[in-house]
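Here's the structure, in structure tokens; my notes come after.
On a predicted model such as this, the values are computed, not experimentally measured, just so you know. Counting begins at 1 with the first residue of the sequence.
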Amino acid sequence: MVLIVSAVIFGLVQPRRTVPGNSGLPVAQTSQVEQTGTISVSSEPSGTSILLDDRYTDARTPATITGVVPGPHDVRVRMTGYDDANTQVEVVAGSTSSFSATLVKSKTVAAVVPSVSKPAAKPAIPRPPAQPATPKASPRPANGAILKRLSAFRGGLGTLSIHIDSGPDAIVKVVKNGSSQASVTVYLRSNSTTKVSGIPDGVYRILFATGRGYEAVHKTFISDLSCSQFDDTFEYTTAAEPGGQRYRKWSITLSQVLNGNASSSDMPADSFSEY
């Protein structure tokens with residue numbers, strides 16, 4: 001299968017290139033400076049832990065977090081004995097956004113353990129061997145739904161844009177080189193595009209499966225299942241620039257494309273499910 005993949009590096013304009021050894025996926029690489037903003041966080045009581053996008057920072061209230069990528073971010077303050085307080089803050093490049101919270105003490109509820117009496121044991125009755133259950137389709141996830149994401153796979157500036165044409169839905173797994181499990185697994189509906197953000201620096205493999213009838217327990221498809229992986233890896237890097245940071249964006253198309261510049265290879269469904 002021949003597919004489309006492209007990368008955009010923000011900061012410096014680089015020439016368009018074609019990956020050698022594939023039957024033509026054009027890779028466009030451009031770059032520009034991305035400026036950052038700051039978030040001021042305070043709380044009552046003070047000294048609470050600050051989480052940015054569900055990830056702990058080193059700061060405690062009151063504090064100002066710098067170098068935040070523009071856009072919406074979840075800010076949460078946390079202290080033992082109190083309920084969390086959080087909000088979504090819109091960060092603007094070159095500006096400071098604020099969040100102030102008054103924490104409420106947590107209520108403790110004592111657990112009640114019921115007393116259960118066991119009936120007298122009865123002789124075991126042999127049962128016929130169980131027949132394997134026929135998998136049943138689960139509700140179809142929304143386009144871009146995150147099926148799995150490791151807690152460490154956050155905080156980066158890299159992004160991955162994924163597109164698929166009409167036909168079956170797809171499940172995409174991003175696996176860091178040398179890892180035995182996917183860093184993130186995302187669901188892509190037919191004839192749709194989605195984007196994964198917050199990708200940390202590193203080299204990743206991209207695996208994908210297409211099919212029909214999503215089955216949630218094993219995160220796979222019941223029928224028409226086909227599993228593949230891109231032959232090339234995808235590298236994410238971040239570098240400081242005057243006035244901002246330079247980082248990489250990749251864009252891939254899972255459908256077969258004429259004159260594409262990335263190739264993929266089939267892989268066993270069992271191998272795909274292992275990640």
Side-chain angles (χ1 to χ4, degrees), residues 1-6 25 53-54 72 74 88 125-154 158-177 179-200 204-234 249-258 260 262-275:
M1 179 181 291
V2 180
L3 314 118
I4 283 288
V5 57
S6 64
L25 288 201
D53 295 326
D54 295 327
D74 182 80
Q88 187 174 83
I125 301 175
R127 296 183 179 180
Q131 299 297 319
T134 302
K136 294 184 179 180
S138 306
R140 187 186 185 200
N143 184 61
I146 300 298
L147 306 181
K148 168 189 174 183
R149 184 164 190 153
L150 299 182
S151 58
F153 190 74
R154 298 180 186 276
T159 63
L160 174 65
S161 179
I162 314 168
H163 175 77
I164 189 171
D165 293 334
S166 59
D169 291 356
I171 298 171
V172 180
K173 296 184 178 182
V174 179
V175 183
K176 192 168 186 178
N177 255 6
S179 177
S180 60
Q181 58 181 325
S183 295
V184 66
T185 302
V186 61
Y187 194 89
L188 189 64
R189 287 195 174 191
S190 171
N191 196 29
S192 298
T193 300
T194 191
K195 183 170 74 173
V196 179
S197 302
I199 301 177
Y204 297 89
R205 299 162 51 211
I206 296 182
L207 290 55
F208 61 96
T210 59
R212 304 180 191 278
Y214 176 69
E215 195 270 298
V217 175
H218 300 96
K219 296 181 177 61
T220 187
F221 295 108
I222 295 175
S223 62
D224 300 334
L225 177 63
S226 176
C227 302
S228 306
Q229 64 177 330
F230 278 90
D231 295 328
D232 292 327
T233 55
F234 295 75
K249 293 183 176 182
W250 284 100
S251 177
I252 61 174
T253 298
L254 303 183
S255 308
Q256 187 171 0
V257 177
L258 184 64
S263 60
S264 66
S265 301
D266 294 339
M267 68 181 303
D270 290 346
S271 298
F272 180 84
S273 299
E274 288 176 355
Y275 290 96

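A pairwise comparison of heavy atoms in Ile222 and Lys136 identifies CD1-C, 3.5 Å as the closest pair. Residue Pro168 comes nearest to Gly211 through the heavy atom pair CB-O, 3.4 Å, listed as atom of the first residue, atom of the second, then distance. Contact record, Val175 with Gln181: CG1-O, 3.8 Å, taken as the closest heavy-atom pair.
Put simply, the side chain of Lys148 never gets that close to the backbone of Ser183: no donor and acceptor are under 3.5 Å apart. With hydrogens and angles ignored, the 3.5 Å screen pairs a side-chain donor or acceptor of Ser273 with a backbone N or O of Ala269. Between the side chain of Ser138 and the main chain of Glu215, no donor-acceptor pair closer than 3.5 Å is present. Checked by atom type and distance alone, the side chain of Ser255 pairs as donor or acceptor with a backbone atom of Asp165 at under 3.5 Å. No donor-acceptor pair closer than 3.5 Å links the side chain of Lys176 to the backbone N or O of Ala182.
Looking only at side-chain heavy atoms (C-beta outward), Thr220 and Leu225 come within less than 4.5 Å of each other. The closest side-chain heavy-atom distance from Leu207 to Val172 is not below 4.5 Å.
Note on residues 265-275: no pairs pass salt bridge (Lys or Arg N to Asp or Glu O under 4.0 Å), not counting sequence neighbours.
When each of Gln229, Lys219, Met267 is checked for a side-chain contact (heavy atoms from CB on, under 4.5 Å) with Phe272, only Met267 meets the rule.
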Item to complete: Would you check, one step at a time, whether the test side chain to side chain contact (heavy atoms under 4.5 Å, CB included) holds for Ser264 with Phe208?
Response: CA-CA 10 Å; Ser264 66; Phe208 61 96; 4.2 Å; yes
Worksheet item: Step by step, would you call Leu254 with Thr210 a side chain to side chain contact (heavy atoms under 4.5 Å, CB included)?
Response: CA-CA 9 Å; Leu254 303 183; Thr210 59; 5.6 Å; no
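In this structure, CD1 on Ile206 lies 6.5 Å from CD1 on Ile162, to the nearest 0.5 angstrom. Here the straight-line distance linking atom CH2 of Trp250 with atom OG1 of Thr159 works out to 11.5 Å at 0.5 Å rounding. Expressed to the nearest 0.5 Å, how far CD1 of Ile252 lies from CZ of Phe230 amounts to 4.5 Å. Remark: Ser226 OG to Phe221 CZ distance equals 10.5 Å, nearest 0.5 Å. Taken from OG1 in Thr185 to CG in Leu150, the straight-line distance is 8.5 Å, to the nearest 0.5 Å.
Scanning for salt bridge (charged side-chain N to carboxylate O under 4.0 Å, His left out) contacts around Asp224 gives Arg212, with sequence neighbours left out.
Ring geometry for Tyr214 versus Tyr187: interplanar angle over 60°, hence perpendicular rather than tilted (30 to 60°).
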Give the table of side-chain donor-acceptor pairs shorter than 3.5 Å for residues 188-199, with sequence neighbours excluded, one pair per line with atom names and distance.
from   : atom 1 : to     : atom 2 : distance (Å)
Arg189 : NE     : Pro141 : O      : 2.8
Arg189 : NH2    : Arg140 : O      : 3.3
Arg189 : NH2    : Pro141 : O      : 3.2
Ser190 : OG     : Gly167 : N      : 2.9
Ser190 : OG     : Gly167 : O      : 2.8
Ser192 : OG     : Arg189 : O      : 3.3
Ser192 : OG     : Ser190 : O      : 3.2
Thr193 : OG1    : His163 : ND1    : 2.6

